[in-house]
Amino acid sequence: MSSLFFGNFNTAAGRDRWASSCFHRHFPNSELALKDRVSSIALMEIGFNMAEALERRFAAVAAEIEEFGEGFIPDVRPADPRFGDFQANGVLPFAKRTGRNPRNLAEILVGRIKGSSAGRFDVTVAGPGFINVTLRPAVLLEWLLAYGTERDLRTGASDLYRNRIVVVDYSSPNTAKQMHVAHVRSMVVGEAISRLFEFAGARVTRDNHIGDWGTQYGKLIYAYKNHLDQEALKSDALEELERLYKKGDALCKEDPAHLEQARAELVKLQRGDPGNLKLWEEIKRLSEDAFEEIYGKLGIRFDFHLGESFYRDKVDEVYAELLEHGIAEESEGALVVFHPDHPRFRKQPFIIRKSDGASNYASTDLATVLYRVREWKANKLVYVTDSRQQDHFQQLFLTVERWFAATARPVPELDHVCFGTILGDDGKAIKTRSGDPVKLKDLLNEAEERARAIVQEKNPGLPDDEKDDIARAIGIGAIRYADLAQNRTSDYVFSWDKVLSFEGNTAPYLLYAVARIHSIFTRMGDTAEIDERQATPFETEQEQNLARKLLDFAEVLKMTVGDLRPHVLCTYLYELAGDFSGFYNADKVLVDAAGTRARRILLCRRTLLVLEKGLHLLGIRTLKRM
RNA sequence: GCGGCAGUAGCUCAACCGGACAGAGCAGCGGUUUUCUAAACCGCUGGUUGGGGGUUCAAGUCCCUCCUGCCGCGCCA
């Protein structure tokens, strides 16, 4: 494997483990890092990932050379097209470490590699010791012939996370509250990551960890009992529940007597009072129905909806074990965990049981880890939440690590996949004109409406129901893509003009690129009889650019999945669409020469395949025409 | 106070845990269509990567320092 991917694992394990990062990760099992020491792979066997194949090849050749030996990492990566198809930069740091002349070393290595390249690629030394590799056009063609279907791609990719049992914890809204714009990133990113994991060979469980057992229920039940508007509840349950919560909250603030009663309702609920429990179930059901509407629009389906309430009888075991092993302690009446070796968390407590004896989200999160590992045999847990919860997850992960070590359980790999805030034009968290949070259903509806208007304008001749369908795909796709195309760790500025534009790195541009290729095939009629094996090697600059870009899919997928950063895939798809446009503009597909025609059709087919697969992995539905 | 994240072209964003002249899109300017969707493509203009030091063959990236913004930090999730 190239260092691009596994380099992440290696360096992460070795770096200052207290250095907090948004992508917080623990690596209990180092054996996962290098399953493939195999260097006996035949030269340039048509592997899925050409950069990896070269990496292995270079390393194997170097191992035979006295000046290099074992510790050399070639560091092969896709190159700037100016220099070739791939570049290996590893000689420079190696030369530095060993005190050699980098240029000389590179030339020695290149000399040996040339001898075994079998005429399949050219390799040269450039600058201070960069090694540039250019594949022969026939090799590009071979790869494209070998990876011709969705299944082929999946097979190629499925080594990345084979044998991993992953739980993705995303969306996770609170009951009795509407979903707002702030919730969309967790859903969109979480779903994309789940699909990517599956494609990469993992067994994925999607778990919606709903916030259904919080302290807010006291106030809500109190207000529900005294101020419910039945009509309002019928017309829009969540609006009414939200109103009731605010009402309850306001009452408690203005008069301690109300607060007392609200607390009493909570205690009754937690002790299992049948009336309150029934009410709670009703609120939960209403909430989940409303959530389902949104999930339906986004095409998201969970395997489980095990909310916090599910763990309410599972926290005592956690308290007992943590106490027994001296990990948790009593402090100011609460049960807390300190991490004595951590500069900050030796003072900042992780409160796992409140002083009134009630559980909180730390308690249930701990119980949840145990459940997922014990019941589902999960070896990797991924949490998709906003960055503000970084401290919480760091403390959670540290606690789990110590707890599981003390109880001789396998420690799962734990990831907090965090994300930033969606901002409005003013650079602050997006709000409506009146200053309220933007409701997610309103955002999605507006996206469809705006997309519908665009379809109407650009393609008025289509049937109405198809226009509606196209508008849904574009509208929802645009919202999703805008979210994914941005580096998730940073905040981003939302703008309708930007997300719905047909120019630039947007969903409409990519969907159009897909529709355009579909239309090429529609126009050509039945192309099934066109034999790809008649294709002759690529000749024009545009053909070669496009072919090379298609090969990069493997490496891009690895990077995307390795860092869990979907925008890497987005950028790639955008560039691929651009290379296709360049090709399509410069080179006529339907020419008379059979070999040329076959290879250009091949490029169209593969571009369509990769674009559609990529967009589907991101959770975006593609269209045949628009 | 402690900590996290960020500051890159007029605007919105990239830059693959140190690599080649910092790249796109939009906006601005100029081209391309009797030819497969112009919802496209090509070119030009635009940068002291917040400031200042340092590390080395090489720094937007690592270290120190300062400035600015957002966000956490004992019983919400």
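The sequence lines fix the lettering, A, B, ..., with proteins before strands; numbering per chain opens at 1.
Base-pair partner of B/G3: B/C71 (Watson-Crick or G-U wobble, both distances under 3.5 Å). Base pairing annotation: B/A14 forms no Watson-Crick or G-U wobble pair, as no partner gives both donor-acceptor distances under 3.5 Å.
Look at the C1' atom in both B/G25 and B/U65: the space between them is 36 Å, to the nearest Å. Nucleotides B/G18 and B/A58 place their C1' atoms 8 Å apart, quoted to the nearest Å. B/C5 and B/G10 are spaced 27 Å apart, taking the P atom of each and rounding to whole Å. Of the C1' atoms belonging to B/C66 and B/C57, the separation is 30 Å, rounded to the nearest Å. Look at the C1' atom in both B/C21 and B/G60: the space between them is 15 Å, to the nearest Å. Annotation: B/A14 and B/G50 have their P atoms spaced 14 Å apart (nearest Å). To the nearest whole angstrom, the two C1' atoms, one in B/A9 and one in B/G53, are 26 Å apart. Taking the P atoms as reference points, B/C16 lies 14 Å from B/A22, given to the whole Å.
Looking at heavy-atom distances under 4.0 Å, A/A513 makes no contact with the nucleic acid at all. A/S495 comes within 4.0 angstrom of nothing in the nucleic acid, heavy atoms only. Within 4.0 Å of A/F83, counting heavy atoms only, lies at least one base atom of the nucleic acid. Among the atoms of the strands shown, none is found under 4.0 Å from any heavy atom of A/D425. At a threshold of 4.0 angstrom between heavy atoms, the contacts of A/K428 with the nucleic acid are absent. Contacts of A/E332 with the nucleic acid, taken as non-hydrogen atoms under 4.0 Å apart, include base atoms. In this structure, A/S490 reaches the sugar-phosphate backbone alone: every heavy-atom distance under 4.0 Å involves primed, P, OP1 or OP2 atoms, never a base. Nucleic acid contact class of A/A515 (heavy atoms, under 4.0 Å, all strands): base. Contacts of A/H392 with the nucleic acid, taken as non-hydrogen atoms under 4.0 Å apart, are absent. A/V589 comes within 4.0 angstrom of a nucleotide base, judged by non-hydrogen atoms across all strands. A/G127 comes within 4.0 angstrom of no nucleic acid atom, judged by non-hydrogen atoms across all strands. Nucleic acid contact class of A/K588 (heavy atoms, under 4.0 Å, all strands): base.
The A/Q389 side chain lies nearest to B/A77 when the options are B/C16, B/A39, B/A77. Minimum atom distance to the side chain of A/E503 is reached by B/C26, of the listed B/C21, B/C26, B/C71. Among the nucleotides B/C73, B/G74, B/C41, the one closest to the side chain of A/D391 is B/C73. Closest to the A/R516 side chain, of the nucleotides B/A14, B/A40, B/G72, is B/A40. For A/N585, the side-chain atoms get nearest to B/A40 when compared with the rest of B/A58, B/G3, B/A40. Comparing B/A24, B/C16, B/C36 by their nearest atom to the side chain of A/Y574 picks out B/A24. When each of B/A77, B/C13, B/U35 is scored by its nearest atom to the side-chain atoms of A/Q486, the top-ranked nucleotide is B/C13. Of the candidates B/A39, B/C41, B/G74, the closest approach to any side-chain atom of A/N459 belongs to B/A39. In the set B/C75, B/C41, B/A14, the nucleotide with an atom closest to the side chain of A/N487 is B/A14.
Ring centroids of A/H305 and A/F291 are separated by 6.0 Å or more, keeping the two rings apart. Two rings, from A/Y311 and A/H209, have their centers less than 6.0 Å apart. For A/F345 and A/F350, the ring centers sit 6.0 Å or farther from each other. Aromatic ring centres of A/F130 and A/F83 lie farther apart than the 6.0 Å criterion allows.
Both stacking criteria are satisfied for A/F130 over the base of B/A20: a centre-to-centre distance under 5.5 angstrom and an angle between ring planes under 30 degrees. Centre separation under 5.5 Å together with a plane angle under 30° does not hold for the ring of A/Y361 and the six-membered base ring of B/C76, so they are not marked as stacked.
For the pair A/E612 and A/K624, the salt-bridge criterion is not met [side-chain N within less than 4.0 Å of a carboxylate O].
Using cut-offs of 30° and 60° on the angle between ring planes, the pair A/F502 and A/Y512 is perpendicular. Using bins of under 30°, 30° to 60° and over 60° for the plane-to-plane angle, the ring pair A/Y572/A/F553 lands in the tilted bin. Classified by interplanar angle (parallel below 30°, tilted 30° to 60°, perpendicular above 60°), the ring pair A/F94/A/F72 is perpendicular.
Where A/V455 and A/S172 meet RNA chain B, the nucleotide closest to each residue was compared, and A/V455 sits on the side nearer the 5' end. When each of A/D587 and A/Q216 is assigned the nucleotide of RNA chain B bearing its nearest heavy atom, the one mapping closer to the 5' terminus is A/D587.
The base of B/C71 is not paired with the side chain of A/S387 by any donor and acceptor separated by under 3.5 Å. A/Q87 contributes a side-chain N or O that forms a donor-acceptor pair with the base of B/A20 under 3.5 Å. Taking 3.5 Å as the limit, the base of B/G25 and the side chain of A/S501 contain no donor-acceptor pair of atoms between them.
To the nearest angstrom, P of B/G23 lies 16 Å from CG of A/D579.
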